[in-house]
Amino acid sequence: MEKMTPQVRKAVFPAAGLGTRFLPATKAQPKEMLPLVDKPLIQYAVEESVRSGIRDIIIVTGRGKSAIEDHFDVSFELENLLERRNRMDLLASVRRVSDMIDVSYIRQKEALGLGHAVLRARELVGQEPFAVVLSDDVIDAPKPCLQQLLDVYNEYGASVLALMEVPHDRISAYGVVAAEPVAFNGTSDRLYRVSDLVEKPPAHKAPSNLAIIGRYILTPDIFESIEQSQPGAGGEIQLTDALRHLLRTRPIYGYRFEGKRYDAGDKLGFLQATVEFALARPDLGGKFRTYLKSLKL
Ligand code: UTP
C-alpha cells in the first residue's frame, strides 16, 4: 500500500530572540543578520532549507525586522548600480537567494520563548508538517542536516529532532532527550525513538548526552501542545516542553545528524565558525591561512 505521508513544504525561521549574548551588536539588528564571512547567519539557514527542497520560508521577526525583510527583498537600486558597474558576479550573489524562495513574515511582539515564536507561525503553516530552523545553529554537512531529518520523516511520518552528543559539563545548556536507538539505513547509532525530553537539566539529572539542536521536523499537532504549555525554564514558553506534551500522544524521533555544528549565537562559537568558514573559502582560505600562521600564538 502506498504511504500517505504529507510532504514537508514549509520552514519556520524564528528570528525574534533578544540575542543578549551579542549586545550591543544586536541592539538594532537581530543576531540572525550577523555575517559569517560575508553572508548573514539566516542566509546560510535558508540555503540549507532550499538545498533540502523547502522553498516556502516563514520568518518570525521581532526587532530589526526591516533588516531581514530588506535582505530577502529585491533591491532595484543596488542591482541597477551593480549592473551599470558590470559586477555580474555580485549581482548574481544578491539575486540568488531571493529568487529561490517564497518568503512571508510574522511578528512576535515580545520574546516569550521559542515555543511562542513557533506558535506565531500557525496560520501561515496551516495543517501540514513543517520544519523549524534556528539560524544561530550553523551546520556544515555534506548532506544538509534538514535533508537528513526529512529522510527520517519521510520514512516514519512523525516529528524528528536533530540530536548531537554533548559533553557532561555542557549538557545543562541544552534540551536533552531520553531515547532508545532504532536501526535505520544500515546504522543503529543515529536514529532514536524519544521517550522523554527535558529543557536545560542540571548535569546530574540529564537523561543522556544527546542534546537537541536547532533543526526540527514537526507535525502540526505541535501547535495544540504549545498552547497547553506553561512558561518553563527562564519564564519562556519552551518548545521542548511542548514536545514533551506531544510525546504523550505521538511518537517523536531524534536523529544524530552527520556534520559539524557551530553555536553562532555564542561569541566563541561564532568566532570558530568564522575562522573555519573563511579557511574553507576558495577566494579567501589561502591568504587567511598564511595570516593565521603568521600570528605568534
Ligand atoms: P536563543 O535561546 O539563542 O535566545 O534563541 P536569544 O534571545 O536569541 O539569544 P540570547 O540567549 O539572549 O543571546 C534560539 C532561537 O529562537 C529564537 C531566536 O531568535 C533564535 O533563533 N527565539 C527565541 C525567538 O524567535 N523568540 C523568542 O522569544 C526566543
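Every number for a ligand or one of its atoms is a count from 1 in the order of the listing.
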Considering distance alone, does some N or O of [X] sit under 3.5 Å from an N or O of ligand 1?
X	result
T20	yes
R21	yes
P14	yes
F22	no
G19	yes
G265	no

Ligand 1 versus [X]: contacting region, heavy-atom distance under 4.0 Å:
X	answer
A15	backbone
E32	side chain
Q108	side chain
V60	neither

Could you tell me whether [X] and [Y] have a side-chain N and a carboxylate O separated by less than 4.0 Å?
X	Y	answer
D38	R281	yes
R55	D102	no
D189	R256	yes
E128	K10	yes
E224	R122	yes

Do I217 and L146 have side chains that approach each other closer than 4.5 Å (heavy atoms only, starting at C-beta)?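 Counting from C-beta outward, I217 and L146 do come under 4.5 Å.
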Which residue holds the protein heavy atom closest to [atom], what is that atom called, and what is the gap in Å?
atom	result
atom 28 (O) of ligand 1	G113 N, 2.7 Å
atom 16 (O) of ligand 1	L114 CD1, 3.6 Å
atom 25 (O) of ligand 1	A16 N, 2.9 Å
atom 24 (C) of ligand 1	G17 N, 3.3 Å
atom 8 (O) of ligand 1	K31 NZ, 2.9 Å

Give the atom numbers and elements of ligand 1 that come within less than 4.0 Å of a heavy atom of A117.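 Within the 4.0 Å cut-off of A117, ligand 1 contributes 24 (C), 25 (O), 26 (N).
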Whether K39 engages the ring of Y44 as a cation-pi pair (distance to the six-membered ring centre under 6.0 angstrom, angle to the ring normal within 45°) should be assessed. yes
Taking only residues two or more places apart in sequence or in another chain, which ones pass ring-ring contact (aromatic ring centres under 6.0 Å, His included) with Y192?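 Not a single residue meets the ring-ring contact (aromatic ring centres under 6.0 Å, His included) criterion with Y192.
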With sequence neighbours excluded, what pairs up with F257 under the ring-ring contact (aromatic ring centres under 6.0 Å, His included) test?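 Expected list: none.
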Does the ring centre of F277 sit less than 6.0 Å away from the ring centre of Y262?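 Aromatic pair counts; centres sit under 6.0 Å.
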Flag for Y174-E199: side-chain donor and acceptor within less than 3.5 Å: no
Under 4.0 Å from atom 2 (O) of ligand 1, can you find at least one protein heavy atom?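 No.
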